[in-house]
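Inspection log for the structure reproduced underneath, given as structure tokens.
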Amino acid sequence: MAPRAAKAVLGQLQRRGALTASEIAAAERVQPQSLTRVLASLEEQQLISRQQDPNDRRRHTIELTDRGRRLLQEHMQSSDDWLAEAIDQRLNPTERAVLQLAAGILDQLLDG
């Protein structure tokens, strides 16, 4: 399993909720077949679950399990901690102020 692909799948499910393999593939700009192993591995690790669509038995939706949510949250917290420490240790006060200003601008863009 490619860790980057697995994290991408988990991230899509966290942000967008239950999705089909085709929807995940489209969001990640890959062929659905290329996700087959990643999805199988994530399911084997009990990080995702697949549910049959009651309206179309050929279609399955994929969603995060509680275990998947916890793992993703731990990974995000670890990344946040690393970034905060790197900013504190490697940037001078002026660089930190510029970064804070840029973050504010990005927030404005995201808000509308």
Side-chain angles (χ1 to χ4, degrees):
M1 170 183 64
R4 182 183 303 169
K7 289 175 190 172
V9 168
L10 295 175
Q12 285 292 336
L13 295 171
Q14 174 71 21
R15 286 187 298 281
R16 300 176 58 202
L19 299 168
T20 65
S22 296
E23 291 168 333
I24 296 169
E28 291 299 314
R29 295 182 172 89
V30 298
Q31 293 296 316
Q33 301 87 330
S34 66
L35 290 178
T36 301
R37 286 186 182 159
V38 173
L39 293 174
S41 176
L42 291 172
E43 189 171 27
E44 184 178 299
Q45 296 173 65
Q46 300 177 350
L47 301 176
I48 63 168
S49 64
R50 299 181 205 223
Q51 306 297 322
Q52 190 174 44
D53 185 328
N55 299 321
D56 184 348
R57 298 178 71 151
R58 297 167 296 170
R59 180 180 151 128
H60 289 82
T61 56
I62 301 163
E63 57 188 330
L64 281 175
T65 62
D66 289 340
R67 180 178 174 161
R69 276 187 201 82
R70 282 192 306 273
L71 180 74
L72 193 56
Q73 184 62 37
E74 290 168 9
H75 172 72
M76 290 168 46
Q77 184 62 52
S78 175
S79 296
D80 289 352
D81 292 346
W82 174 87
L83 183 58
E85 185 175 334
I87 289 170
D88 189 48
Q89 291 183 358
R90 298 180 189 170
L91 300 182
N92 65 44
T94 302
E95 292 168 329
R96 286 194 294 269
V98 169
L99 188 58
Q100 188 171 12
L101 179 62
I105 293 168
L106 289 173
D107 282 343
Q108 287 177 4
L109 290 173
L110 291 173
D111 289 342

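Remark: Asp80 engages no residue in a side chain to side chain donor-acceptor pair (under 3.5 Å) (not counting sequence neighbours). Scanning for side chain to side chain contact (heavy atoms under 4.5 Å, CB included) contacts around Ala21 gives Leu39, Ile62, with sequence neighbours left out.
A 4.5 Å side-chain heavy-atom check between Ile24 and Val30 finds every atom pair outside the cut-off.
Of the residues Leu10, Leu71, Val9, the one that meets the side-chain contact (heavy atoms from CB on, under 4.5 Å) test with Leu64 is Leu10.
Cluster partners of Leu106, by chain and number: Leu109. The rule joins Ile, Leu, Val, Met, Phe, Trp and Tyr whenever side-chain heavy atoms lie under 4.5 Å apart.
For Glu95 (side chain) and Asn92 (main-chain N/O), a donor-acceptor pair under 3.5 Å exists by modelled atom type. At distances below 3.5 Å, not a single donor-acceptor pair connects side-chain atoms of Thr20 with backbone N or O atoms of His60. Between the Arg15 side chain and the Gly11 main chain, a donor and an acceptor come within less than 3.5 Å of each other.
Minimum interatomic distance between Val38 and Ala5 (heavy atoms only, all atoms of both residues): CG2-CB, 3.8 Å. Arg57 approaches Gln52 most closely through the heavy-atom pair O-NE2, 2.8 Å. Residues Leu42 and Ala6 approach most closely at CD2-CB, 3.9 Å, considering heavy atoms. Heavy-atom minimum distance, Asp88 versus Arg96: O-NH1, 3.3 Å. Of all non-hydrogen atoms in Glu23 and Arg16, the two that sit nearest each other are O-NH1, 4.0 Å. Residue Arg67 comes nearest to Leu47 through the heavy atom pair CG-CD2, 3.8 Å, listed as atom of the first residue, atom of the second, then distance.
Rounding to the nearest 0.5 Å places NZ of Lys7 at 12.5 Å from CE of Met76.
Gln45 and Ser41 share a side-chain donor-acceptor pair at under 3.5 Å.
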